[in-house]
Amino acid sequence: MPYPVDREHGPQAGAAAQLMSGGPDLSEHMDRVETRLADIARSDGQATAAIVSYTGSTRGKRLRARLVFLCAEVFGRLGDSGNRAGRAGTGSLVDLAAAVELVHLASLLHDDLVDGSDTRRGIPTVARVWGAPAAVLAGDYLFAAAFRMLVEGGQYHALGSLSGALRAMSEAEIEQLGALWDVTVSEETYWRCVRGKTGSLFAAACEAGAAAGGASPGEIELAKEFGMALGCAFQAVDDLLDLTGDPDRMGKPVGQDLARGLLTLPVIRALADSREGASLLRSALTAQRTGPDVAALAKGLLDSTGAAGYARSQIAALVRRADSCLESLPPHRQPLATGLLRPLTEVVATRAR
C-alpha cells in the first residue's frame with residue numbers, strides 16, 4: 001500500500017533544489033516528464049503499477065533529467081513546446097529526460113537493497129513495503145522501460161550513453177561492496193567508485209542532452225566531461241557532509257556511511273595519518289565496530305588530521321575542472337553555457353564549505 005510522500009524531504013532533494021534554482025523555466029518540460037513517467041507506471045499488472053507509481057512519487061528534483069534540458073538549451077535552444085530543439089524535437093527530449101530519470105530511479109531501488117536501507121527521503125523503501133524480490137524486479141522493469149523508450153524513439157546515441165553509464169554504475173557498486181570495512185582501501189578506488197556510481201549518470205545526461213541539442217563531437221565530449229566532474233563533486237560533498245554536516249539540516253543522522261563500513265575520501269585520508277586516533281579508528285573499523293563513539297572519533301580526526309580540508313580541496317579541483325570544460329567551448333557557446341551551467345558548480349562549491 002502506498003504511503004504519503006513528502007516530495008521535498010531529505011538532503012538530496014535540498015541539494016538538488018539548490019542546484020536547479022535559477023536558470024530557464026523548465027516547469028513545462030518537467031511537467032511533461034512527469035506525465036511520461038506516469039504513463040510508464042500504468043501497467044496491466046496491479047502490483048507492478050503500484051510499485052512503479054510509488055517509486056516515481058518518492059522523488060527529489062529530477063536533477064539528472066533537468067541536466068538533459070539544460071545541455072540541450074546550451075547547444076540548440078529548447079524553443080517553445082512542439083518546436084525543434086537542435087537535432088531532437090522537444091518530445092524526444094522529454095523521452096530522453098524521462099529515460100535518464102528511470103535509470104536513476106531503478107538504481108536507487110537496487111542501492112537501497114544493497115545498503116539495507118529501510119527508508120529513503122524519510123519514507124519506507126520499496127523493499128520494506130513490498131519485499132526485496134519485488135524491489136529487484138521493479139528496478140529491472142524501470143531499466144527495461146528506459147531502454148525501450150530510447151529504442152522506439154531511435155535515440156541510439158543516448159541509448160549508448162545510458163547503457164554505458166549503467167554498466168559503470170553496476171561495476172562501481174560491486175567494487176564498493178568489495179571494499180566495505182577495508183581500512184587499506186585507496187583514494188584511487190574511492191574515486192573509481194564515485195565516477196562509476198554517480199559521475200557516469202551525470203555525464204550521460206549531459207552528453208545525451210548536448211547531442212540531442214545539436215552539439216558537435218568535441219562539444220559533446222566537453223559536456224560529458226562537465227557532467228562527470230559535476231557528478232563526482234556532488235557525490236564527494238555528500239560523502240563529506242555525512243560526517244561533518246548538521247543532522248537537523250540534512251534530515252538524517254551523521255555517520256551513516258561509516259556505520260555500514262563505507263569508507264569515503266575524508267575517512268580514507270584520516271586513516272593514513274600516524275597519530276593514535278587514526279590507529280584507534282582503524283582498529284574499530286577492522287572489528288566492524290560502529291556507534292556514536294566511532295563516528296565522533298572519525299569526525300574529530302577529520303579536523304585534527306586535515307582530512308576534511310583535503311576533501312574540500314579535491315572538491316574544489318573538480319569544480320575547477322567542470323568550469324574549465326565550459327571555458328573550453330567555442331566563444332559563441334560560452335555565454336549561455338556559463339549562464340546555465342556554471343551556477344551548478346558554484347552551488348556544489350558552496351555546499352562543501
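Start at 1 with the first residue, then count along the sequence.
- Residue pairs meeting the salt bridge (Lys or Arg N to Asp or Glu O under 4.0 Å) criterion with at least one partner in residues 161-178, sequence neighbours excluded, do not occur; the list is empty.
- D323 meets the salt bridge (charged side-chain N to carboxylate O under 4.0 Å, His left out) test with R342; sequence neighbours excluded.
- Placement of V68 and V151 within a single hydrophobic cluster is found when ILVMFWY residues are connected by side-chain heavy-atom separations under 4.5 Å, directly or transitively.
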Take F75 and L329 through the test side-chain contact (heavy atoms from CB on, under 4.5 Å) and record every step on the way to the result.
CA-CA 10 Å; F75 294 101; L329 290 170; 3.9 Å; yes
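- Applying the salt bridge (Lys or Arg N to Asp or Glu O under 4.0 Å) test to pairs two or more places apart or on separate chains, those with a residue in residues 105-115 are D112-R120, D115-R260.
- The side-chain heavy atoms of F234 and L344, taken from C-beta on, include no pair separated by under 4.5 Å.
- Under a 3.5 Å cut-off, the side chain of E207 and the backbone N or O of I220 do not form any donor-acceptor pair.
- Using a 4.5 Å cut-off on side-chain heavy atoms (C-beta onward), Y190 and V185 make no contact.
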Output a table of donor-acceptor pairs, distance under 3.5 Å, between side-chain atoms of residues 276-285 and any protein atom two or more places apart or on a different chain; print 'none' if there are none.
{"unit_1": "R282", "atom_1": "NH1", "unit_2": "L271", "atom_2": "O", "d": "2.4"}
{"unit_1": "R282", "atom_1": "NH1", "unit_2": "D273", "atom_2": "O", "d": "3.4"}
{"unit_1": "S283", "atom_1": "OG", "unit_2": "S279", "atom_2": "O", "d": "3.1"}

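- A337 approaches L326 most closely through the heavy-atom pair O-CD1, 3.9 Å.
- Annotation for V136: hydrophobic cluster partners, listed by chain and number, are L113 (ILVMFWY side-chain heavy atoms under 4.5 Å, direct or chained).
- Put simply, CZ on F147 and CG on L150 are 7.5 Å apart, with the number rounded to the nearest 0.5 Å.
- One distance of note links SG of C193 with CD1 of I174; it measures 10.5 Å at 0.5 Å rounding.
- When all heavy atoms of S92 and Q155 are compared, the pair lying nearest together is O-NE2, 3.0 Å.
- The cluster map of Ile, Leu, Val, Met, Phe, Trp and Tyr, joined by side-chain heavy atoms under 4.5 Å apart, puts V94 and L70 in the same cluster.
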Enumerate, atom names and distances included, each donor-acceptor pair closer than 3.5 Å involving a side-chain atom of residues 196-205, sequence neighbours excluded.
{"unit_1": "K197", "atom_1": "NZ", "unit_2": "Q176", "atom_2": "OE1", "d": "2.7"}
{"unit_1": "T198", "atom_1": "OG1", "unit_2": "Q235", "atom_2": "OE1", "d": "2.7"}
{"unit_1": "S200", "atom_1": "OG", "unit_2": "G196", "atom_2": "O", "d": "2.5"}

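- Residue L63 is grouped with residue L341 when hydrophobic side chains (ILVMFWY) are merged at heavy-atom distances under 4.5 angstrom, including chains of intermediate members.
- When side chains are defined from C-beta on, Y54 does not count as touching I51, because their heavy atoms never get closer than 4.5 Å.
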Would you check, one step at a time, whether the test side-chain contact (heavy atoms from CB on, under 4.5 Å) holds for L230 with L67?
CA-CA 11 Å; L230 178 67; L67 282 170; 4.3 Å; yes
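- The ring pair (Phe, Tyr, Trp, His ring centres under 6.0 Å) test applied to F143 returns H110, not counting sequence neighbours.
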Side-chain donor-acceptor pairs under 3.5 Å in residues 35-42, sequence neighbours left out?
{"unit_1": "T35", "atom_1": "OG1", "unit_2": "D31", "atom_2": "O", "d": "3.1"}
{"unit_1": "R36", "atom_1": "NE", "unit_2": "D95", "atom_2": "OD1", "d": "2.7"}
{"unit_1": "D39", "atom_1": "OD1", "unit_2": "R42", "atom_2": "NH1", "d": "2.4"}

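- Once rounded to the nearest 0.5 Å, the distance linking CG of D257 with CG of L240 reads 11.0 Å.
- Clustering ILVMFWY residues whenever any of their side-chain heavy atoms sit less than 4.5 angstrom apart, transitively, puts L137 in a cluster other than the one holding V126.
- With sequence neighbours excluded, no residue forms a salt bridge (charged side-chain N to carboxylate O under 4.0 Å, His left out) with R320.
- Within a 6.0 Å radius of CD in Q46, other residues, nucleotides and ligands contribute 12 heavy atoms or fewer.
- Not one N or O on the side chain of S53 forms a donor-acceptor pair closer than 3.5 Å with the backbone of A50.
- Hydrophobic cluster membership is shared by L262 and L177, with clusters built from Ile, Leu, Val, Met, Phe, Trp and Tyr side chains linked at under 4.5 angstrom.
- One finds the OG1 atom of T345 at 13.0 Å from the CD1 atom of I315 (value rounded to the nearest 0.5 Å).
- Closest approach of A106 and G139 over heavy atoms only: CB-O, 3.4 Å.
- Within the structure, side chain to side chain donor-acceptor pair (under 3.5 Å) pairs that include any residue of residues 219-232 comprise S216-E219, E219-R333 (at least two apart or interchain).
- Nearest approach of A233 to V319, heavy atoms of both residues: CB-CG2, 4.5 Å.
- Closest approach of S186 to I268, counting heavy atoms only: O-CD1, 3.9 Å.
- The nearest pair of heavy atoms linking C232 to V194 is CA-CG1, 3.7 Å.
- Using a 4.5 Å heavy-atom threshold, the side chains of E73 and L340 count as touching.
- Atom CH2 of residue W130 and atom OG1 of residue T55 lie 7.0 Å apart, to the nearest 0.5 angstrom.
- The shortest side-chain heavy-atom distance between R62 and L105 falls under the 4.5 Å cut-off.
- Put simply, the side chain of L265 reaches to within 4.5 Å of the side chain of W191, judged on heavy atoms.
- A 4.5 Å side-chain heavy-atom check between D242 and T264 finds every atom pair outside the cut-off.
- H157 pairs by the ring pair (Phe, Tyr, Trp, His ring centres under 6.0 Å) definition with nothing, not counting sequence neighbours.
- Annotation: side chain to side chain donor-acceptor pair (under 3.5 Å) contacts involving residues 285-312, sequence neighbours excluded, comprise E187-Y310, R289-D293.
- R64 places none of its side-chain heavy atoms less than 4.5 Å from the side chain of V103.
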